[in-house]
Number of protein chains: 2
Amino acid sequence: MKYTLNQDSELSSQIAESIREAIMNGSLLVDERLPSEGELCDRFEVSRSTVREALKRLAAQNLIRTQRGATGGAFVKRISFEDAYPQQITTSTLLLSMNDVSFETACEARFAVERACVPLSAQRCKPDHLATMRAEIHRQTQNGLSDESFCASDVAFHKALVEGAGNPVLTYQLAGAIESMQPLMNMITFSERDRVKIVDLHTKIADAIEGGQAAAADLGLDELANYTMTLADQVRQQRAARKKNME
Amino acid sequence: MKYTLNQDSELSSQIAESIREAIMNGSLLVDERLPSEGELCDRFEVSRSTVREALKRLAAQNLIRTQRGATGGAFVKRISFEDAYPQQITTSTLLLSMNDVSFETACEARFAVERACVPLSAQRCKPDHLATMRAEIHRQTQNGLSDESFCASDVAFHKALVEGAGNPVLTYQLAGAIESMQPLMNMITFSERDRVKIVDLHTKIADAIEGGQAAAADLGLDELANYTMTLADQVRQQRAARKKNME
DNA sequence: ATATTTTAATTGTCAGACATTTAAATGTCT
DNA sequence: AGACATTTAAATGTCTGACAATTAAAATAT
């Protein structure tokens with residue numbers, strides 16, 4: 001384990017980066033124990049607070065875990081998809097909301113990425129994912145469902161579709177794209193007619209997946225993408241009109 | 001800004017989570033200043049070290065930035081795609097290497113996701129992305145190029161392909177899938193014949209993109225996916241045979 | 001008015017202490 | 001000898017107080 005500090009600003013950041021590199025390049029293996037805080041102080045010639053701030057940075061990135069007690073210490077963490085998920089969602093969501101990403105751009109990305117899963121889902125989708133899709137479709141038909149709940153169910157449906165591809169890497173990469181769209185989707189209000197149309201398309205997609213018909217599912221997804229964009233467009237026009245009236 | 005602590009283990013983790021939620025739910029807006037470390041100590045009734053460890057966790061997640069000096073403090077950071085990128089790559093890379101994700105699974109995800117970009121790239125690819133693709137193809141034909149450099153160039157080619165779609169969300173989401181494959185790709189050695197074949201397919205794809213022919217590009221990508229899988233298969237068989245010989 | 005210096009607020013770092021947790025070592029009883 | 005209880009030691013978690021470094025604004029001097 002080699003320790004070299006870059007020319008960054010804060011010591012804790014430099015130390016964290018140094019250890020991160022050691023993990024990335026294989027100098028530190030999974031479950032290997034890092035030197036104790038005291039030893040790290042000696043090696044980097046900094047105080048314990050600084051070392052601890054560095055370790056907290058690494059912990060926040062799921063790179064290490066710490067244990068207290070006699071045989072405790074900081075250990076290189078075997079990061080799991082479950083650990084990485086929430087981080088990914090948080091980052092994606094903030095990226096969209098803080099960078100004026102248009103609904104079109106986000107939507108395009110989402111459907112493009114989902115379309116990539118469809119052939120695999122049609123080929124391998126398991127009964128329980130299909131069951132989830134059906135259940136969500138059913139929920140979407142219920143009266144009195146708030147727009148937010150409808151959106152949440154929509155997200156759940158599409159998540160199941162992606163998970164149906166049975167590829168954990170895809171699921172991880174795409175979860176962000178789909179879930180982070182929810183706040184944007186929540187800005188749309190759905191009329192009764194909209195919901196019926198969406199449920200129809202969801203059903204069409206689920207049927208196609210169940211029957212292993214990738215092309216049909218793709219077609220359904222395409223229609224859904226177009227329809228969603230249309231809805232967003234309406235919302236934008238309504239909002240623009242309202243603004244004009246107020247002037 | 002509401003502060004409630006969960007029943008987690010470490011105080012710094014609870015405090016970080018509390019502030020993270022305030023950012024996520026809009027209580028804290030972009031560029032808004034957090035209370036100073038001293039004030040946070042009072043509000044959470046903890047020492048400054050604990051507050052600082054919490055802030056470092058948030059900084060590591062690109063949620064805040066800090067400034068020193070009179071008008072300094074911690075501010076909600078407007079996370080940029082550039083900031084999120086490296087984090088995404090690190091996480092994806094470690095996920096693959098630490099969880100025994102098979103080459104097939106990772107490869108499948110990569111090509112699925114790339115295929116999602118092809119129609120958009122064919123439609124909108126800008127000259128400079130195309131130029132990058134051509135340049136990388138050219139690099140791949142040079143003699144004496146190490147396997148690692150070849151792989152790196154391969155990654156650069158595919159990154160340009162994705163960027164050609166002109167959708168920053170797609171670029172972000174997919175960068176992880178593509179770049180994190182590099183360590184796995186590096187385990188493959190390329191014969192002269194392999195390289196010629198790959199360069200041919202890259203050229204085919206670039207030509208199709210340039211001509212706006214999405215279907216042709218998709219076909220090329222499909223061939224490339226199959227060929228890559230075949231290569232990986234060969235490597236696996238060679239390795240198995242070698243192992244058998246040693247017994 | 002402009003340039004310079006001082007000041008105050010804030011984060012960054014350090015040092016040392018004590019609290020808490022945990023496993024291993026030790027001791028005690030049957 | 002084995003089972004249970006106690007002690008010990010090592011490690012992280014937290015607290016306190018101090019000083020350094022940075023920076024914008026206020027005060028001062030030119």
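Just so we're on the same page: letters track the sequence lines, and every chain starts at 1.
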Any donor-acceptor pair under 3.5 Å from B:Asn99 side chain to B:Val101 backbone: no
Under 3.5 Å, N/O pairs linking protein and nucleotides 22-27 of chain C:
unit_1: C:dT22; atom_1: O2; unit_2: A:Ala70; atom_2: N; d: 2.9

Which part of the nucleic acid does A:Arg33 contact within heavy-atom distance under 4.0 Å: base, sugar-phosphate only, or nothing? sugar-phosphate
In whole angstroms, the gap separating P of D:dA21 from CD of B:Glu37 amounts to 17 Å
Interatomic distance, A:Glu10 CD vs C:dC14 P [rounded to whole Å]: 12 Å
Length of the CG-C1' vector between B:Leu40 and C:dT11, whole Å: 12 Å
Take the protein atom CG of A:Leu55 and the nucleotide atom P of D:dT14, then report the distance between them rounded to whole Å. 13 Å
Provide, to the nearest angstrom, the distance between the CZ atom belonging to B:Phe44 and the C1' atom belonging to D:dC15. 17 Å
5' precedence on DNA chain C between B:Gly72 and A:Ser47 (nearest-nucleotide basis): B:Gly72
Is it true that A:Glu163 and A:Thr171 share a donor-acceptor pair across their side chains at a distance under 3.5 Å? no
Aromatic plane relationship, A:Phe150 with A:Phe190 - under 30° parallel, 30 to 60° tilted, over 60° perpendicular: tilted
Pair listing, salt bridge (charged side-chain N to carboxylate O under 4.0 Å, His left out) test, anchored in residues 151-160 of chain A, at least two apart: A:Arg110-A:Asp154, A:Lys159-A:Glu179
Distance check needed: D:dA24 C1' versus B:Gln67 CD, whole Å only. 11 Å
Electrostatic pair A:Glu108-B:Arg124, nearest N-O below 4.0 angstrom: yes
Just the rounded figure in Å: distance from C1' of C:dT11 to CG of A:Leu11. 13 Å
Determine the contact category for A:Thr50: base if any of its heavy atoms lies under 4.0 Å from a base atom, sugar-phosphate if only primed atoms, P, OP1 or OP2 are that close, otherwise nothing. sugar-phosphate
Tell me whether the OP1 or OP2 atom of C:dC14 has a side-chain N or O from A:Arg48 closer than 4.0 Å. no
Base-pairing mate for C:dT30 - Watson-Crick or G-U, with both contacts under 3.5 Å: D:dA1
For the residue pair A:Ser12 / A:Arg57, report whether a side-chain donor-acceptor contact shorter than 3.5 Å exists. yes
What contact category does B:Thr66 fall into here, base, sugar-phosphate, or nothing, at under 4.0 angstrom with non-hydrogen atoms? sugar-phosphate
Separation of atom CD in B:Glu45 from atom P in D:dT16, rounded to whole Å: 11 Å
Derivation and outcome, side chain to side chain contact (heavy atoms under 4.5 Å, CB included), residues A:Thr90 and B:Gln61: CA-CA 9 Å; A:Thr90 294; B:Gln61 297 173 94; 5.9 Å; no
